[in-house]
Structure formats: structure tokens, C-alpha cells
Amino acid sequence: MPKSRKKRTPITHSTKSRASSSRSHSSRSVIRRFHVLLKRRAQFQATRSSKELVDIENQIEEMGGLERYQQMSSIGQGSDRGGGSEKVLIKWLKDHNLNVNRHIKIKLLEVGALKPDNYGSCSSWIDCTPMDLRSRHPSILEQDFLLLNENEHFTSWDVISLSLVLNFVPEPKDRGHMLRLAHSLLVPDGYLFLALPLPCVSNSRYLNFQHLKALMTAIGFLELRDKWKEGGKMVYWLYQKRTATHISLDNFHKKVSLRNGNRRNNFCILL
Ligand SMILES: C[S@@+](CC[C@H](N)C(=O)[O-])C[C@H]1O[C@@H](n2cnc3c(N)ncnc32)[C@H](O)[C@@H]1O
């Protein structure tokens with residue numbers, strides 16, 4: 001009788017999956033650490049504590065600065081999400097028939113662009129402006145979105161993408177400003193694409209799906225689509241610009257506790 005042989009897992013398979021999971025684990029920890037430092041830097045900037053500020057700047061420098069953060073983010077973009085967010089946005093724009101019968105291309109502003117050609121496959125109908133705080137390619141415009149001149153760029157874009165950018169901004173009021181600025185830079189009926197790590201809304205003390213919807217409505221955005229799954233990492237939304245609503249912004253000026261418990265995060269957006 002032939003000896004029964006134990007079935008082995010192919011070495012190539014196990015090595016590859018372990019390597020890629022440890023790569024994405026270490027990229028996530030760099031990203032998390034970077035966000036913590038950005039938040040502390042913003043706090044010390046507000047209190048003008050120059051000694052602490054220098055200390056934080058040094059820590060950011062030692063980590064490799066924004067360059068390292070961007071490298072780690074591009075690893076996360078591939079391995080954690082099965083590709084970039086642009087796939088979701090392209091599908092949604094096609095679902096809204098924005099790719100058909102176009103005499104003029106859609107003007108898309110991609111804020112937080114790690115690559116220059118995320119929308120290259122749609123160049124026949126999308127005219128993309130990739131922008132980032134730190135440009136990794138000559139075709140990426142190096143520009144802080146928050147410092148764009150509102151009057152100069154008023155209603156300049158048909159679509160604005162903020163994928164994993166809002167959670168990079170450390171101050172809740174600056175996040176609110178980013179959303180309001182996006183509203184004013186879009187054409188009437190233009191589209192805003194927003195992507196966040198799911199826990200920013202599913203496990204925050206100060207934000208849940210309902211509150212975000214109310215805040216976006218108050219700014220003047222109609223929620224058209226969302227995409228996420230229980231236990232998933234990401235959440236995506238598509239909003240359409242509507243004319244200003246008469247809803248008061250008062251409910252969104254201060255942090256309001258929406259969930260209790262120790263294991264919550266403090267992600268918050270204020271107007
Ligand atoms: C986590 S990466 C996200 C990249 C990509 N959009 C994605 O979805 O994977 C965040 C990027 O946003 C950029 N960013 C953050 N705040 C910005 C701002 N105010 N203006 C322009 N770019 C910004 C950062 O420099 C960084 O490259």
C-alpha cells in the first residue's frame with residue numbers, strides 16, 4: 001500500500017501572502033504614526049509651542065517625511081483595496097452616462113494624487129488635473145488644495161475626487177473647509193467623490209453615516225451613492241452639488257458625542 005503523503009501548502013503561495021500582508025501591515029503602521037504626528041503638530045501650531053513643534057518636525061523627518069508616507073500609501077492603495085479608488089469613481093461616472101456623447105471632456109480634479117495617470121484609461125472623456133501637497137511626477141501639480149483661491153477657481157471642475165485626503169487633514173475645521181471649498185469649486189450639478197477609511201464613520205465618537213449625510217446636505221451636497229461592506233476597510237460616496245440649502249450650519253460647529261465606549265476613534269468634521 002502506498003504511503004499516504006501529507007498535503008503541503010506550496011511554498012511560493014505562503015511566502016507571497018505572508019510577505020504582502022506584512023508589507024501592508026507595516027505600511028499601515030507608518031500611515032497611522034504619520035497621522036498621529038500631523039495631529040500633534042497641528043495642536044502645537046495652534047498653541048505656538050515652538051520646542052514641541054521642533055520635536056514633532058524632527059520625528060516626521062526621521063520617519064522619512066511626506067515622501068515615505070506617500071510610498072506607504074501607494075502600497076496600501078494596491079494591496080489593501082484591490083486597486084485604487086479611481087475604479088469606483090470611473091464606474092459610477094459611467095453609470096451616470098458621463099462617458100457618452102461628450103463634445104467636451106469632463107474636468108476632474110484629483111486631490112491627493114500619488115500617480116499622474118490614474119485616469120489615463122479614460123483620457124477620451126476625462127481631462128484630469130492630478131494635484132498633491134508633494135508632487136511625485138512632473139505632471140502632478142504641487143499645490144495645497146486648501147490654499148486654492150476660491151474666487152479664481154470658482155466652478156472650475158465637473159468632478160472633484162477626495163480619496164483618503166480628508167482623513168489626512170488633522171484639524172476638524174480644516175476638513176469642513178475642504179468640503180465647502182470643493183462645493184464652491186464644482187460647477188452646478190458637479191460631482192464630489194469622497195473616500196475614507198470605514199472606521200472614520202463606523203467607529204467614531206463624533207461621526208456616523210447619518211451625521212455625515214446631514215452635514216453634507218447642509219453644505220449643499222446630495223448623496224447619490226455609497227459603497228462599503230461590514231468589516232471592510234474603505235467607504236466611498238458620490239455626491240452631487242446642489243444650490244445652497246437653507247439648513248442652519250449651527251449643528252456642525254461643535255463636536256457632539258454620537259457614540260460611547262473606550263475603543264472609539266475621534267474622527268470629526270466641523271463647519
Ligand atoms: C493617503 S494618500 C491618498 C492617495 C490616493 N488618493 C488614494 O486614494 O490612495 C493622501 C495624499 O493626499 C495628499 N494631500 C493631503 N492633503 C492635501 C491637500 N490639502 N492638498 C493636496 N494634497 C493633499 C497627501 O500629500 C497624500 O499624498
Side-chain angles (χ1 to χ4, degrees), residues 23-24 26-39 41-42 45 60-61 63-92 108-120 126 128-150 152-153 156-157 159-185 191-200 227-228 232-238 267 269:
R23 231 156 71 99
S24 56
S26 76
S27 71
R28 275 200 300 276
S29 55
V30 170
I31 288 168
R32 265 199 293 268
R33 176 91 190 114
F34 198 84
H35 285 170
V36 169
L37 290 172
L38 286 183
K39 197 170 165 190
R41 183 171 74 177
Q45 273 165 344
I60 292 177
E61 196 63 29
M63 276 181 73
L66 186 51
E67 181 177 358
R68 175 100 190 286
Y69 173 84
Q70 289 180 322
Q71 265 168 15
M72 295 298 116
S73 299
S74 60
I75 291 173
Q77 192 177 45
S79 53
D80 280 9
R81 288 188 263 155
S85 309
E86 68 279 358
K87 282 188 192 160
V88 180
L89 176 56
I90 291 169
K91 178 173 183 311
W92 282 349
L108 184 153
L109 175 64
E110 185 192 10
V111 186
L114 296 176
K115 291 198 282 164
D117 55 355
N118 284 325
Y119 294 88
I126 294 180
C128 180
T129 304
M131 172 185 289
D132 203 289
L133 287 177
R134 178 183 169 275
S135 170
R136 302 174 87 208
H137 186 276
S139 309
I140 299 174
L141 181 65
E142 189 161 293
Q143 164 75 43
D144 183 344
F145 174 75
L146 288 169
L147 298 182
L148 280 177
N149 183 313
E150 192 167 344
E152 196 185 318
H153 297 281
S156 291
W157 282 283
V159 182
I160 295 180
S161 164
L162 295 177
S163 170
L164 293 181
V165 176
L166 204 62
N167 56 308
F168 178 101
V169 177
E171 286 295 304
K173 286 262 179 198
D174 288 337
R175 294 180 189 139
H177 176 59
M178 187 170 255
L179 293 172
R180 294 179 77 179
L181 184 58
H183 186 270
S184 96
L185 303 192
Y191 296 89
L192 173 69
F193 177 68
L194 182 64
L196 284 173
L198 182 58
C200 290
K227 178 180 158 75
W228 60 281
K233 290 197 168 74
M234 293 288 299
V235 51
Y236 308 91
W237 294 269
L238 186 67
F267 188 79
I269 304 173

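Bear in mind that the values here come from a model prediction, so they are computed numbers and not experimental data. As the structure lists them, so they are numbered: ligands from 1, and atoms in each ligand from 1.
Among R33, H35, R134, the one residue that satisfies the side-chain hydrogen bond (donor to acceptor under 3.5 Å, both in side chains) test with Y69 is H35. Results of the side chain to side chain contact (heavy atoms under 4.5 Å, CB included) test with I160 over L185, T129, L179 single out L185 as the only residue that passes.
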> Between L114 and R136, is a side-chain contact (heavy atoms from CB on, under 4.5 Å) present by the stated rule, with each step listed?
Replying inline: CA-CA 7 Å; L114 296 176; R136 302 174 87 208; 3.8 Å; yes

> Could you walk me through whether V165 and F145 pass the side-chain contact (heavy atoms from CB on, under 4.5 Å) check?
Replying inline: CA-CA 10 Å; V165 176; F145 174 75; over 6 Å; no

>> Walk me through whether M234 and L164 qualify under side-chain contact (heavy atoms from CB on, under 4.5 Å).
In response: CA-CA 9 Å; M234 293 288 299; L164 293 181; 3.8 Å; yes

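Expressed to the nearest 0.5 Å, how far CH2 of W157 lies from SG of C128 amounts to 10.5 Å.
The shortest non-hydrogen separation linking F34 to M63 is N-CE, 4.0 Å.
Residue-to-ligand polar distances keep V111 apart from ligand 1: every N/O pair is separated by 3.5 Å or more. Between G112 and ligand 1, a contact under 3.5 Å exists for at least one N or O pair. Any N or O atom pair closer than 3.5 Å counts here, and D132 shares at least one such pair with ligand 1.
The aromatic rings of F193 and W92 stand perpendicular to each other, their planes meeting at an angle above 60°, with 30° marking the opposite boundary.
Proximity annotation for atom 21 (C) of ligand 1: of Q143, H35, M131, R136, Q143 comes nearest, heavy atoms only.
With a 4.0 Å heavy-atom cut-off, ligand 1 is reached by no atom of I31. Both the backbone and the side chain of F145 come within 4.0 Å of ligand 1, counting heavy atoms alone. The proximity of L114 to ligand 1, defined as any non-hydrogen pair under 4.0 Å, is limited to the side chain. For S163, heavy-atom contacts with ligand 1 shorter than 4.0 Å involve the backbone as well as the side chain.
Numbered from 1 in the order shown, with element, the atoms of ligand 1 that lie under 4.0 Å from a heavy atom of Y69 read 1 (C). Close contacts of ligand 1 with L66, meaning ligand atoms under 4.0 Å from a residue heavy atom, involve 25 (O). For ligand 1, the atoms closer than 4.0 angstrom to any heavy atom of D144 are 18 (C), 19 (N), 20 (N). Shown in contact with Q70 at under 4.0 Å from a heavy atom are these atoms of ligand 1, numbered in order with element: 25 (O), 27 (O).
Distances shorter than 4.0 angstrom occur between a heavy atom of M178 and an atom of ligand 1.
H183 has its side chain out of reach of L192: every pair of non-hydrogen atoms, C-beta onward, lies at least 4.5 Å apart.
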